[in-house]
Amino acid sequence: MRTVHSLKELRTILRGYRQQGKTIGLVPTMGNLHEGHISLVRKAAEASDIVVTSIFVNPMQFGANEDLDTYPRTLVEDQEKLAAAGNTLVFAPGVEEIYPQGLANQTKVVVPEVSEGHCGASRPGHFEGVATVVTMLFNMVQPDIAVFGEKDFQQLAVIRKLARDLMIPVEVIGAPTVREDDGLAKSSRNGYLSEQERGIAPVVFRTLRHTADQLAQGRTDYSILEQEARDALSEAGLRPDYFNIVNSLTLKPASKDDRELTLLVAAFLGTTRLIDNLSITR
Ligand code: PAF
């Protein structure tokens, strides 16, 4: 498995693979890889001949008071995990390689509608940063397929829309959330939790499941269900950011007739912001 840091090297190597008729899969990441990421790499390996994993902590998607500086950077460990998972090539560019003119002077990609609300409301500019860097990665790697985790449900919807709207010839594939035994969704940010917080964190998924059970029993009083879920999170010691019951495709508030529903949640545990989601069909 090779690691390259420059776009020039990346393009040279990928040209060789393409000339051999190989299909290319892309797994964009910010590194600090866990089993969730590895499941994306395995899925990409099933669907394509070559797997490129990018590792880039993208400054454009972090807000001013967020964790850009402290976000864990663990390239050597990541390389070991990727090699074991059958990854072909790691693309780990520096910030200057991706944004040579700086962030302020960078052309940006804005994805309307699905970027709005939920994390888009709490983290202004976040999805612009994600959409921009993912579009650039699509252009740099020109993959046949790209795999993203369903844990970032709104992000996946944003990326599907940008690929469609900008006619980017890539198949965007979603991969199921990988969870700890107690239900907590795997996330690089779980590493920020203290031992006590880690004990509390599974309440996020428990609350999602409880609400999904209530919906399965036929309840349609969505605002009351959302409030009950926020109360359950607060009682457990979290600070809910949002708990929203939405139409799975539009991410707009669910209506009584919707059959495909997704519950989206974000909540702070101490200073750590956890997100998770659960989809159901009625
Ligand atoms: O999900 C992530 O890790 C990031 O948002 C992504 C898709 C790699 C873009 O920086």
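Basis for what follows: all heavy atoms, side chains included, without hydrogens, waters or symmetry-related copies. Not measured: the values here are computed from a predicted model.
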- Item | Criterion side-chain contact (heavy atoms from CB on, under 4.5 Å) on Leu208 and Phe205, from CA distance to verdict | CA-CA 5 Å; Leu208 284 171; Phe205 187 54; 4.1 Å; yes
- Task: Just do the side-chain contact (heavy atoms from CB on, under 4.5 Å) check on Ile275 and Arg273 with the steps written out, would you?
- Result: CA-CA 7 Å; Ile275 65 168; Arg273 187 170 180 277; 3.6 Å; yes
- Message: As a quick check of understanding, evaluate side-chain contact (heavy atoms from CB on, under 4.5 Å) for Arg18 and Ile24, giving each step before the final call.
- Response: CA-CA 8 Å; Arg18 258 186 229 102; Ile24 296 168; 3.6 Å; yes
- Stepwise side-chain contact (heavy atoms from CB on, under 4.5 Å) check, Thr211 with Val265: CA-CA 11 Å; Thr211 309; Val265 60; over 6 Å; no
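Between Thr262 and Ser248, the side chains place a donor N or O and an acceptor N or O closer than 3.5 Å (distance only, hydrogens not considered).
Evaluation of the ring pair (Phe, Tyr, Trp, His ring centres under 6.0 Å) test over residues 238-282, restricted to residues two or more places apart or in two chains, returns His118-Tyr242. Applying the side-chain hydrogen bond (donor to acceptor under 3.5 Å, both in side chains) test to every pair with at least one member in residues 151-166, sequence neighbours left out, gives these pairs: Lys161-Asp165.
When each of Ile98, Leu137, Thr29, Val141 is checked for a side chain to side chain contact (heavy atoms under 4.5 Å, CB included) with Ser54, only Leu137 meets the rule.
Between Phe153 and Ser279, the closest heavy-atom pair is CE1-OG, 3.7 Å. In terms of heavy-atom proximity, Lys256 sits nearest to Thr220 at NZ-O, 3.4 Å. Shortest non-hydrogen contact noted between Val158 and Ala131 is CG1-CB, 4.3 Å. Contact between Leu184 and Ala201 at its shortest, heavy atoms only, is CD1-CB, 3.8 Å.
You'll find the side chain of Thr12 stays beyond 4.5 Å of the side chain of Val4, heavy atoms only. Annotation: side chain of Met136 is in contact with side chain of Gln106 (closest heavy-atom distance under 4.5 Å).
For the side-chain contact (heavy atoms from CB on, under 4.5 Å) test, residues two or more places apart in sequence or in another chain that qualify with Gln214 are His210, Gln217, Arg219, Leu225. Contacts of Asn58 classified as side-chain hydrogen bond (donor to acceptor under 3.5 Å, both in side chains), with partners at least two apart in sequence or in another chain: Gln61, Tyr99. Scored by the salt bridge (Lys or Arg N to Asp or Glu O under 4.0 Å) test, Arg179 finds Asp276 as partners (sequence neighbours excluded). Evaluation of the salt bridge (Lys or Arg N to Asp or Glu O under 4.0 Å) rule for Glu97 yields no partner, not counting sequence neighbours. In this structure Lys252 satisfies the salt bridge (Lys or Arg N to Asp or Glu O under 4.0 Å) test together with Glu113, sequence neighbours excluded. The side-chain contact (heavy atoms from CB on, under 4.5 Å) check on Val178 picks up Glu35, Ser39, Lys186, with sequence neighbours excluded. Here Arg189 pairs with Phe62, Asp67, Tyr71, Arg123, Ser187, Tyr192, Thr272 under the side-chain contact (heavy atoms from CB on, under 4.5 Å) rule; sequence neighbours left out. In this view, Thr3 and Gln79 satisfy the side-chain hydrogen bond (donor to acceptor under 3.5 Å, both in side chains) rule, not counting sequence neighbours. With sequence neighbours left out, the side-chain contact (heavy atoms from CB on, under 4.5 Å) criterion links Thr107 to no other residue.
Within the 3.5 Å criterion, the main-chain N or O of Ala185 finds a donor-acceptor partner in the side chain of Asn190.
Other residues sharing the hydrophobic cluster of Val147, ordered by chain and number and joined by side-chain separations under 4.5 Å: Met1, Val27, Leu33, Ile38, Leu40, Val41, Val51, Ile55, Leu75, Leu82, Val90, Ile145, Ile173.
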